[in-house]
Each structure stands twice: as structure tokens, then as C-alpha cells.
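These notes are about the structure you will find just below.
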Amino acid sequence: MFFYTRYPSSNVLKTFFPDVKFNRCITSQLIKWFSNFREFYYIQMEKFARQAIVDGISDVKDITVSRDSELFRALNMHYNKANDFHVPDRFLEVAEITLHEFYNAISATKDSDPSWKKAIYKVICKLDSDVPEEFKTSSYL
DNA sequence: CGAGAGCCTG
DNA sequence: CAGGCTCTCG
């Protein structure tokens with residue numbers, strides 16, 4: 001599910017767990033869970049973006065994310081351990097865009113600003129796609 | 001005041 | 001992942 005949306009609202013998130021009766025506690029736990037997913041995602045992005053800079057890559061266009069990228073493997077390992085479904089191409093695009101955002105920001109030393117990631121989050125949150133209905137049938141996450 | 005983001009920690 | 005804490009926003 002994360003491969004489709006990075007910023008689902010709590011209500012949207014809930015619809016993907018039809019078999020769960022939510023109370024305040026479980027809901028916040030679910031929100032927290034997804035928040036952790038985002039955290040991991042951005043941590044990886046920053047890590048690989050910095051690595052690209054250390055590696056001396058000077059053009060953003062030389063930074064790409066494909067299914068056999070180290071970055072993709074790290075993410076897939078985390079969100080899709082069993083590798084039981086196909087990751088949408090759109091996710092690869094979003095991942096690449098995210099990586100570029102980090103690369104550009106760090107290159108411009110914007111990371112000296114305590115809240116420099118906010119600008120990136122603002123861009124990425126607009127790239128969410130709809131999650132296929134099939135995910136609502138079983139506890140896919 | 002409560003939900004949720006974001007950051008840090010275990 | 002889950003807890004805990006600060007901070008923003010409706």
C-alpha cells in the first residue's frame with residue numbers, strides 16, 4: 001500500500017482494514033505505523049542521496065531508480081519482504097523524484113536549515129496515487 | 001483540546 | 001515497529 005500512497009488520511013487508511021474495529025488507540029497505532037513507513041523511506045532517500053554526492057555524481061540525471069537499484073532493494077525488503085506483489089512503476093518514479101529532491105537540497109546545502117526536509121515532504125505528498133481496490137479485501141499491509 | 005506530523009529513542 | 005515528546009492546526 002505504501003507503494004501507492006505515502007500520505008493517506010486516517011479514514012482512507014482505515015478502509016483498508018475492513019476486518020478491524022477501530023477505537024482511538026488502534027487508529028493512532030495505525031497512523032503511527034504508517035508514519036514509521038514514511039520515516040524509513042525518507043531516511044533511505046537521504047542516505048542514498050548523500051552517497052551519490054560522496055560518489056561524485058554531479059548531474060541529477062545520473063541518479064536513477066530502477067528495480068535493481070540498491071535503493072529499491074532496500075525499500076522492497078522493508079515493505080514487500082515476501083516480494084508477493086508487483087511494485088507499481090509509479091513508485092519508482094516517485095522514489096526517483098524524491099531522491100532528486102534530496103540530492104538537490106543537499107547539494108545546495110539546504111540541509112543546514114533545521115526544517116529543510118519540509119519542502120521535500122510538501123512535494124512528495126502530492127505524488128500519491130490511488131490504491132487498487134483489491135487491497136481492501138484482505139489485510140494486505 | 002485532540003489529531004496527527006515529525007523527531008528521537010529503545 | 002512502538003513510545004514518548006514537542007509543535008502545529010482546526
Side-chain angles (χ1 to χ4, degrees), chain A residues 1-58 60-141:
Chain A
M1 177 168 175
F2 186 83
F3 288 122
Y4 293 90
T5 173
R6 266 62 57 189
Y7 292 87
S9 67
S10 61
N11 286 327
V12 169
L13 206 45
K14 288 181 188 175
T15 64
F16 289 91
F17 295 90
D19 51 340
V20 178
K21 52 278 185 271
F22 289 97
N23 54 40
R24 202 170 33 215
C25 197
I26 297 180
T27 299
S28 63
Q29 197 236 21
L30 181 58
I31 296 295
K32 178 60 181 176
W33 193 19
F34 219 83
S35 171
N36 278 321
F37 283 170
R38 268 196 304 269
E39 228 182 344
F40 179 81
Y41 176 79
Y42 285 123
I43 287 174
Q44 294 306 307
M45 290 300 166
E46 181 176 355
K47 177 177 153 189
F48 279 82
R50 289 187 185 286
Q51 187 56 49
I53 292 176
V54 169
D55 291 343
I57 295 177
S58 53
V60 210
K61 294 177 181 176
D62 291 333
I63 300 176
T64 162
V65 177
S66 66
R67 290 175 192 282
D68 38 51
S69 295
E70 219 180 307
L71 173 57
F72 178 77
R73 278 189 286 141
L75 295 173
N76 195 53
M77 173 107 73
H78 195 71
Y79 306 123
N80 188 24
K81 280 190 175 66
N83 204 38
D84 46 13
F85 78 96
H86 190 67
V87 178
D89 289 334
R90 178 59 179 160
F91 179 74
L92 278 299
E93 296 172 17
V94 175
E96 195 168 301
I97 293 173
T98 309
L99 196 51
H100 288 173
E101 288 293 329
F102 269 95
Y103 176 87
N104 288 146
I106 297 172
S107 296
T109 65
K110 288 179 181 173
D111 56 333
S112 56
D113 180 344
S115 58
W116 66 289
K117 294 180 184 176
K118 294 285 181 62
I120 297 177
Y121 298 163
K122 200 170 178 180
V123 173
I124 307 308
C125 73
K126 293 174 183 171
L127 305 177
D128 278 7
S129 333
D130 290 329
V131 182
E133 290 297 313
E134 305 85 83
F135 287 76
K136 294 184 179 180
T137 56
S138 56
S139 298
Y140 231 114
L141 263 177

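By convention in this document, chain letters (A, B, ...) are assigned in the order of the sequence lines, proteins followed by strands, and residues within each chain are numbered from 1. Computation of the quantities below employed the complete heavy-atom set of this structure, encompassing side-chain atoms and omitting hydrogens, waters and symmetry-equivalent molecules. Here the structure is a predicted model, which means the values were calculated and not measured.
The separation between A:Y41 atom OH and C:dC1 atom P is 18 Å, rounded to whole Å. Atom CG in A:L30 sits about 11 Å away from atom P in B:dA5, given to the nearest Å. Protein atom CD of A:E46 is 10 Å distant from nucleotide atom P of B:dC8, rounded to whole Å. Atom CG in A:N36 sits roughly 11 Å away from atom C1' in B:dC8 (whole-Å rounding). Following rounding to the nearest Å, A:K117 (NZ) and B:dC7 (C1') show an atom-to-atom distance of 9 Å. Atom OH in A:Y42 sits about 11 Å away from atom C1' in B:dA5, given to the nearest Å. When rounded to the nearest whole Å, the span between CZ of A:F40 and C1' of B:dG6 equals 18 Å. Rounded to a whole Å, the CD1 atom of A:I26 is 14 Å from the P atom of B:dG4.
Just one residue in the list A:Q44, A:E46, A:M45 forms a side-chain contact (heavy atoms from CB on, under 4.5 Å) with A:L99, and that residue is A:M45.
A sub-4.0 Å separation between OP1 or OP2 of B:dA3 and a side-chain N or O of A:T27 is absent. Contact annotation: A:R24 side-chain N/O to B:dG2 OP1/OP2 distance is not under 4.0 Å.
Taking the ring centroids of A:F37 and A:F34, they lie under the 6.0 Å cut-off.
Taking the ring pair (Phe, Tyr, Trp, His ring centres under 6.0 Å) definition, one finds that A:Y121 meets it with A:Y42, sequence neighbours left out.
Note on A:E39: a base of the nucleic acid sits closer than 4.0 angstrom, heavy atoms only. Within 4.0 Å (heavy atoms only), A:S28 reaches no atom of the nucleic acid at all.
In terms of position on DNA chain B, the residue among A:S9 and A:K32 whose nearest nucleotide sits closer to the 5' end is A:S9.
Inter-residue side-chain proximity for A:F40 and A:N36 is flagged as unmet; no heavy-atom pair is nearer than 4.5 Å.
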